[in-house]
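As the structure is a prediction and not an experimental result, all values here were calculated from the model. Just so it is clear, the values below take in all heavy atoms, side chains as well, and ignore hydrogens, waters and symmetry mates. Sequence lines set the chain letters: A, B, ... in the order given, protein chains first and strands last, and positions in each chain run from 1.
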Protein chains: 2
Amino acid sequence: MATLRQLEYLVTVVDTGSFTRAAEQLHVTQPALSHQMRALEAAVGGPLLERLPRSVRLTPMGRAVLPHARAALAEAERLHTVARRTAGLEEGELEVAAIYSVSLGILPPVLRAWRRLHPGVRIRLREYPHADLLRAAMAAGRADVAIGPVPDGWEGPIRELGVEEFAVVLPVDDPLADSPTGTVALAELADRDWVHYAPGNGLADLLDHVAAQVGFHPRAAVRAEQTSAAPLLAAAGLGPALVPANIVPPHFDGAVLRPHPPVRRTLAAYTRTRPDALTVAFADLVVGVGCVDPAG
Amino acid sequence: MATLRQLEYLVTVVDTGSFTRAAEQLHVTQPALSHQMRALEAAVGGPLLERLPRSVRLTPMGRAVLPHARAALAEAERLHTVARRTAGLEEGELEVAAIYSVSLGILPPVLRAWRRLHPGVRIRLREYPHADLLRAAMAAGRADVAIGPVPDGWEGPIRELGVEEFAVVLPVDDPLADSPTGTVALAELADRDWVHYAPGNGLADLLDHVAAQVGFHPRAAVRAEQTSAAPLLAAAGLGPALVPANIVPPHFDGAVLRPHPPVRRTLAAYTRTRPDALTVAFADLVVGVGCVDPAG
DNA sequence: GTCAGCGATAAAATCTGCTCATGGCAACGC
DNA sequence: GCGTTGCCATGAGCAGATTTTATCGCTGAC
């Protein structure tokens with residue numbers, strides 16, 4: 001197989017019209033160049049250059065080969081350029097993994113800021129319904145960076161984003177909607193049919209766990225497949241919903257109350273042990289822009 | 001700069017998903033491959049692969065670089081393919097030099113046959129008005145093969161095609177047109193105004209030379225720039241013309257006579273000393289197909 | 001806890017690329 | 001015609017690059 005060095009020699013000989021001038025331009029001696037041209041001709045199986053007394057000339061085979069030599073060199077040069085640009089955060093593709101609520105809450109402003117700062121870097125987002133799935137995907141190398149609940153026993157860098165507060169959503173005409181303190185006791189919702197979450201969604205586990213701690217098991221009026229549907233269904237009267245506060249849209253047509261006891265979880269951006277520059281830059285931006293506002 | 005070998009290693013690791021399997025596939029040991037991957041990463045300035053416990057994973061930089069690595073390898077492979085095909089006469093480009101009359105007479109059937117036999121090989125034709133220009137171009141390396149009058153003192157291979165006969169063209173109503181022997185004595189045309197050739201056209205020299213040998217200097221009624229125009233102008237009555245017999249079109253509307261004394265020149269296909277396979281194949285075909293019919 | 005899977009590292013062996021020296025051929029100038 | 005210059009080819013030797021062999025360290029599975 002031809003080497004890129006040999007191809008570089010060929011192209012330079014053709015462009016300069018002589019072995020001697022090509023050797024000068026490439027800062028090697030003429031015999032080195034002569035020898036490599038011979039080796040290349042042996043590798044491709046025939047003469048590429050005709051040596052005339054005062055010049056060189058491409059053979060038909062040489063003429064056929066030359067554009068491909070140029071293209072290979074161009075691609076090799078381009079990969080260096082692309083690598084440099086990726087290192088300089090000007091180009092590349094990041095794989096981000098997040099749980100559903102993060103995609104709805106924290107990520108939009110983060111991605112907006114990222115696009116402004118690094119317009120040449122693409123983001124590929126994968127969403128996971130459950131923190132355990134997120135963690136497993138990250139451990140298996142399916143993403144460069146994960147954003148979600150703090151993973152227990154994780155060995156790579158973890159950057160905390162703050163505490164994600166949960167809210168109870170009720171229709172505005174619910175008897176409990178007008179609480180003067182803006183809070184609602186979870187125990188008062190023990191007999192309600194809830195807007196629950198589909199199995200496998202981490203919020204289903206969380207709701208069950210929270211209710212168990214208060215002493216009840218929430219009956220499901222409906223199991224929302226999409227996290228973002230929960231507040232809408234609750235406002236429509238299907239039942240209370242426990243949702244991350246920051247996913248409730250602005251100008252929301254429903255009652256948003258703080259649960260008592262409070263329901264919280266800490267969110268973090270985390271990577272595996274030795275993240276590359278682009279991944280680090282993104283995680284930094286998430287920490288800077290993606291802080292969690294407890295009650296939006 | 002990255003080497004093609006390193007790029008091949010990278011692509012194979014990514015495609016097989018492991019260093020060990022890639023090393024097997026490439027018939028090298030795993031440490032060699034490991035070391036070269038490190039070298040490549042040093043060359044491009046950052047990590048391309050993330051080493052996970054049971055797998056490897058591309059970094060963002062690796063993902064950016066990979067398509068260019070593939071492309072460089074593809075171009076290098078393509079140049080080998082193209083070289084092989086050129087050697088096998090399946091592909092390539094030949095540069096043919098010929099004098100004007102050859103382009104009109106011998107070459108059309110030759111090129112037709114060539115295209116049938118080697119449809120993938122392109123021909124680039126350069127025409128010269130004068131045998132000396134043809135020879136000079138050939139010596140200077142401006143073509144792979146030349147077709148024209150035999151060059152004196154040429155050191156490369158010369159393949160003779162036969163003798164090109166000249167004819168005198170007159171209008172059909174010329175008093176000399178009805179010669180019972182089909183011949184005309186050049187001396188009888190001494191006082192005529194001739195369809196001559198433009199200066200620089202080898203046929204101008206030839207006509208002057210032939211006339212001088214018979215004892216006259218041809219006055220020019222017109223100097224044809226295009227060799228192929230001469231018989232047409234003669235048939236139209238502008239004056240006699242001396243033309244290669246084989247460039248007179250079939251069903252020609254004029255009188256075509258053999259001059260006395262006969263005018264001839266030997267044609268040949270010739271190359272420089274060590275022609276490549278494609279050039280040899282073409283010259284062989286010219287010899288086989290391009291024989292000169294004295295009165296075709 | 002043991003073993004298998006897997007990549008990294010070091011030292012030794014082998015290969016490759018380059019330099020220096022020289023030769024051969026052609027063109028040019030005197 | 002002779003000497004000089006221009007230019008590529010070839011051979012020998014050397015240094016650096018690549019590969020192999022041996023071994024280590026880490027992780028996951030049983």
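OP1 or OP2 of dA8(C) lies within a sub-4.0 Å distance of a side-chain N or O belonging to Ser34(B). Not one side-chain nitrogen or oxygen of Tyr9(B) sits closer than 4.0 Å to the OP1 or OP2 atom of dG7(C). Applying the 4.0 Å criterion to OP1 and OP2 of dA8(C), one finds that Arg38(B) has a side-chain N or O inside that range. Here Arg51(B) reaches the OP1 or OP2 of dA8(C): one of its side-chain N or O atoms lies under 4.0 Å away.
Picking from dT18(D), dG7(C), dC18(C) the nucleotide with the shortest atom distance to the side chain of Phe19(B) gives dG7(C). Of the candidates dT27(D), dA8(C), dT19(C), dT19(C) carries the atom nearest the Ala32(A) side chain, counting heavy atoms from C-beta on. Here the side chain of Val28(A) is nearest to one of dA8(C), dT19(C), dA26(C), namely dT19(C). Side chain of Ser18(A), nearest nucleotide from dC18(C), dA8(C), dC8(D): dC8(D). Distance from the side chain of Pro53(B) is smallest for dT27(D) among the nucleotides dG11(D), dA8(C), dT27(D). Closest to the side chain of Arg54(A), out of dT18(D), dT19(C), dA26(C), is dA26(C).
Between the side chain of Asp144(B) and the main chain of Glu95(B), a donor-acceptor pair closer than 3.5 Å is present. In this structure, Arg21(B) contributes its side chain and Thr16(B) its backbone to a donor-acceptor pair below 3.5 Å.
Shortest non-hydrogen contact noted between Tyr100(B) and Pro129(B) is CE1-CB, 3.5 Å. For the pair Glu93(A) and Arg63(B), the tightest heavy-atom approach, listed with the atom from each and the gap, is O-NH2, 2.8 Å.
Nearest-nucleotide mapping onto DNA chain C: of Arg21(B) and Gln6(A), the residue sitting toward the 5' end is Arg21(B). Nucleotides of DNA chain D nearest to Glu155(A) and Leu33(B) differ in position, and the one nearer the 5' end is that of Leu33(B).
Defined by atom type and a distance below 3.5 Å, a donor-acceptor pair is missing between the side-chain atoms of Glu91(A) and Thr86(A).
Counting any heavy atom pair closer than 4.0 Å across all strands shown, Thr20(A) reaches sugar-phosphate atoms only and no base atom. No engagement by Ser55(B) is indicated, since no non-hydrogen atom pair under 4.0 Å with the nucleic acid exists. Nucleic acid contact class of His35(B) (heavy atoms, under 4.0 Å, all strands): base.
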